[in-house]
Structures are given as C-alpha cells and as structure tokens.
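Below: the structure, in structure tokens.
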Amino acid sequence: MKCWLLLLLLATCCAGADQPDRRSGYSLLGPDLRALQDDDFANPGMLWVDRGERLWNAASGPNQQSCRDCHGDPVNLRDLANRLPRFDATTNRLDNLDMLIRQCRTQRQQAEALTHESEDLLALTTLVAHQSRGLPLEVVVDGPASTAFEQGRASFERRRGQLDLSCADCHEKLRGARLRGETISAGMVNGFPLYRLTWEGLGSRQRMIRWCNEAVRAKPMDPESQRALALELYLAWRSRGLALEAPAVRR
Amino acid sequence: MPAAGMPVPGRKLSVIEMKRIRLGRTRHGGLLLLALLASGAGADCATFEIVGDGITLPLGGQTGNPEAGRRVAAERQRGDCSICHQLPLPNDHFHGNVGPDLTAISTRLTPAQIRLRVAANRQMNPESVMPDYCSSRGRHEVAGPYAGEPILTDQEIEDVVAWLSSLDGSAP
C-alpha cells in the first residue's frame, strides 16, 4: 500500500519534471486582460481578423481571384496554424504561416507581395490562425525536421547579444521572476499573432523573437531564414499541447 | 581560434587567460609582459586580477564617483541594474527581483567583492544570468553598435562600485 503511494508520488513528480511548466502566457494575465482576450467584441486583435476577412474575399492579381475562390471559407484551414512551422520535403525547408500566405499570394494569386509585419499580412495570418483557436499545438519535429529542430533547440539555449543571455536563461531559469515590472512567462507561442499593449499593436512570433533579441542587444534574425524558423519550430514544440488562442492579448 | 591561453596581439587578456598564465604558464616569464604590451586595440576594459572573491584594485586605476554611479545604475542604456535588482532609485517604480536586493549591499560585501560581481560575475558562477559588465569576449551575435564593446567602461564600473559601497539601507 505504502509502496503504491510512493510510486504514485514518483509518477506525478516525474511527469512534472519531464514536462517543464508549459503554461500559456494567459496564466499571467490579470482579470482585466483575460476579459479583454476572452470577449471577441472587446479583443483588439479581432480588428485584424475582420480586416483579414475582407482581404480573404477581395479579388486580386491578373485573374482577379480571391483567397475564397481557391480555399472557400477560412474555416477550411482550421487544422493548419496549430501545425506550423512544418518541414516541406520538396523544397527542403521550413515554412511558417507568414511564408505560406506570402507564397500563395505571389505564386498562385500572382498579386503584389505582402511584406513582413505589414498590416495586410498580419490580418491574413490572424484570420487563419484564429480558425485554429482551441486546437492543441502539434508540430512534427522528427524525420526530415529533426535537424532544424535540433538547431532551434541550440539557438534557444545559446547565450547571445551584449547582455549574453539565452532564451532559456529568461524563459526557463527566470520564469516567474520579475524583470522590472514584467513577470517572465514560459515563452509559449500559442497566442500568436497576438496583441501586446506595449506594442500598441499586433505582432507575429517572429516579431516577438526580434523583440527579445533586441532586449539583449543581439543581432536581429532575418524572419525567413532557416535559423529563425528553426527557433520558431522549437518554440512551437515547447508549446505543444497548449490550445491556440489567436488573437491573444498580452501586456 | 588561438590556442588556449595564448594571448592574441591587439586585444587584452581575459581573466581566464590571466589566470591560466598565472597558474600554468608563469614559467614563460615573458608571456604576460608581451601580452600587456600588445594590448591597446580592442575595447575590452582593463585587465584585472581576482584575489580571493574580489578585485582589490580599481579598474584601470579609475576613481569612482558615487553620484555618477547612481546614474549609470539607473540608466536603461547603461547599467539598467534595477531591471533585476531592488535599488534605492525612488523615481524608478518597477524594480526586478531576479537578483538579490542591493539596498544595503555595503553591509554584506566589501568594495573589492562588489567590483568582482559587477565586472566579472560569471568568473565565479558561469551559469549566472547576471552578465559580466567588463568584458566583450566570447559573446555571440552582438548587434552592430555594441559589437566588441563591454557593457560598461572601467570608469562607469568604478562609479557603480562607489555608489553600491555607500548603500547601507538608509537611502530612500
């Protein structure tokens, strides 16, 4: 009997040790910000979803096609954002949601390219990610993706910048501590694209990576480079199982 | 990559190299002298010697000014120490709690001990999140304007050390 209890205790403790605290940044929000995220009429990120819907239906390019002409309702892409980034074996590279939409836009719709972090691209990525709200993050990190995944892990753990800090220093070692007024979260990516009050706007996962790199005075990463995408893949894997919240709200 | 412990012309020695030279290479009497003569280029701050768990001599022979040190510690673009520590900076509303409270640090540490912790904390504890303020060595992917520069200059570190050495808990 005692032995069973001990085993049970061991099992619970080790499950905990094996799965470092993977709580959504939502858990650090006060009641006001939770309410803001939860109410679609108040959530500022929903403005981008609305704008995304208009763009989704807008004909563009030489053949005057809209996203809807090929994909139908956005909900048809429900099972997409939660599985990105993913490795494309034909091109031999990682793609994230921004890149898939940018590619579709120039190659299939043959319309003018959407630039990174432009309001139009953010509107479309937020619309598509919003379709996956509630679905668990689930990225493939084995097989052909495994090299990129290991690169991403190494990048997360490598100290960088003049302040010589790694992502892991802050989001693993210091999680829960206060960096000035800001409580450091586990660095999960299940909320993106998300509205940050400090940005007074919406941003992608790659914008967050840029922000954190800037904080330690590190070189920015090209958001379409395989290094940046490998880091994003690792972040998505760390966030595995968490429900997608796009558009989330954060401080 | 230069061989371990071999000084590279044109930059100053790191503490680790100094230690190596002191501990393992003192037989090559000329080496340390040579390295010091070759230094000058590069923006690393002064070489220093760790004695016990402190640095006894002021960096670069500078004299610290506590008033200037308070400003260096507070400024976001310079020390920004209150991002991690509680400090007597009444105009600064949010202080971090990553590192220990420093409001009475002089009652716990000598100036030499404080100097080592500010200049080269990771020499004692490589895992620490507190960066070395007196080195630009071994850093990766540093953004352009900061590349090759230590976070603070010798003078700024001496100023901060002078200010911290005056903190006994009585300041507001």
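In what follows, chains are A, B, ... by sequence order, proteins preceding strands, each numbered from 1. These values consider heavy atoms only, across backbone and side chains, with no hydrogens, waters or symmetry-generated copies.
Summarising the geometry of B:H140 relative to A:R159, their closest heavy-atom pair is CD2-O, 3.4 Å, with the distance given to 0.1 Å. Summarising the geometry of B:V129 relative to A:L165, their closest heavy-atom pair is O-CD2, 3.2 Å, with the distance given to 0.1 Å. Nearest approach of A:A177 to B:V98, heavy atoms of both residues: CB-CG2, 3.9 Å. Here the shortest heavy-atom pairing between A:G161 and B:R139 reads O-CD, 3.7 Å.
Here the straight-line distance linking atom CZ of A:R158 with atom CD of B:E141 works out to 5.5 Å at 0.5 Å rounding. The distance from the CZ atom of B:F94 to the CG atom of A:L179 is 13.0 Å, given to the nearest 0.5 Å.
Of the possible polar contacts, none joining the A:Q162 side chain to the B:A147 backbone as a donor-acceptor pair under 3.5 Å is found. Although no hydrogens or angles enter the test, the distance criterion places a donor-acceptor pair under 3.5 Å between the side chain of A:R178 and the main chain of B:H95.
Considering only heavy-atom pairs separated by less than 4.5 Å from chain A, the leading option among B:D80, B:I151, B:I83, B:D132 is B:I83.
Open room surrounds CZ on A:R86; 12 or fewer heavy atoms of other groups in view lie less than 6.0 Å from it.
Between A:R217 and B:E149, none of the side-chain N atoms (NZ, or NE/NH1/NH2) sits under 4.0 Å from a carboxylate O, so this pair counts as no salt bridge.
Interface remark: A:L174 contributes side-chain atoms only to the contact with chain B (heavy atom separation under 4.5 Å).
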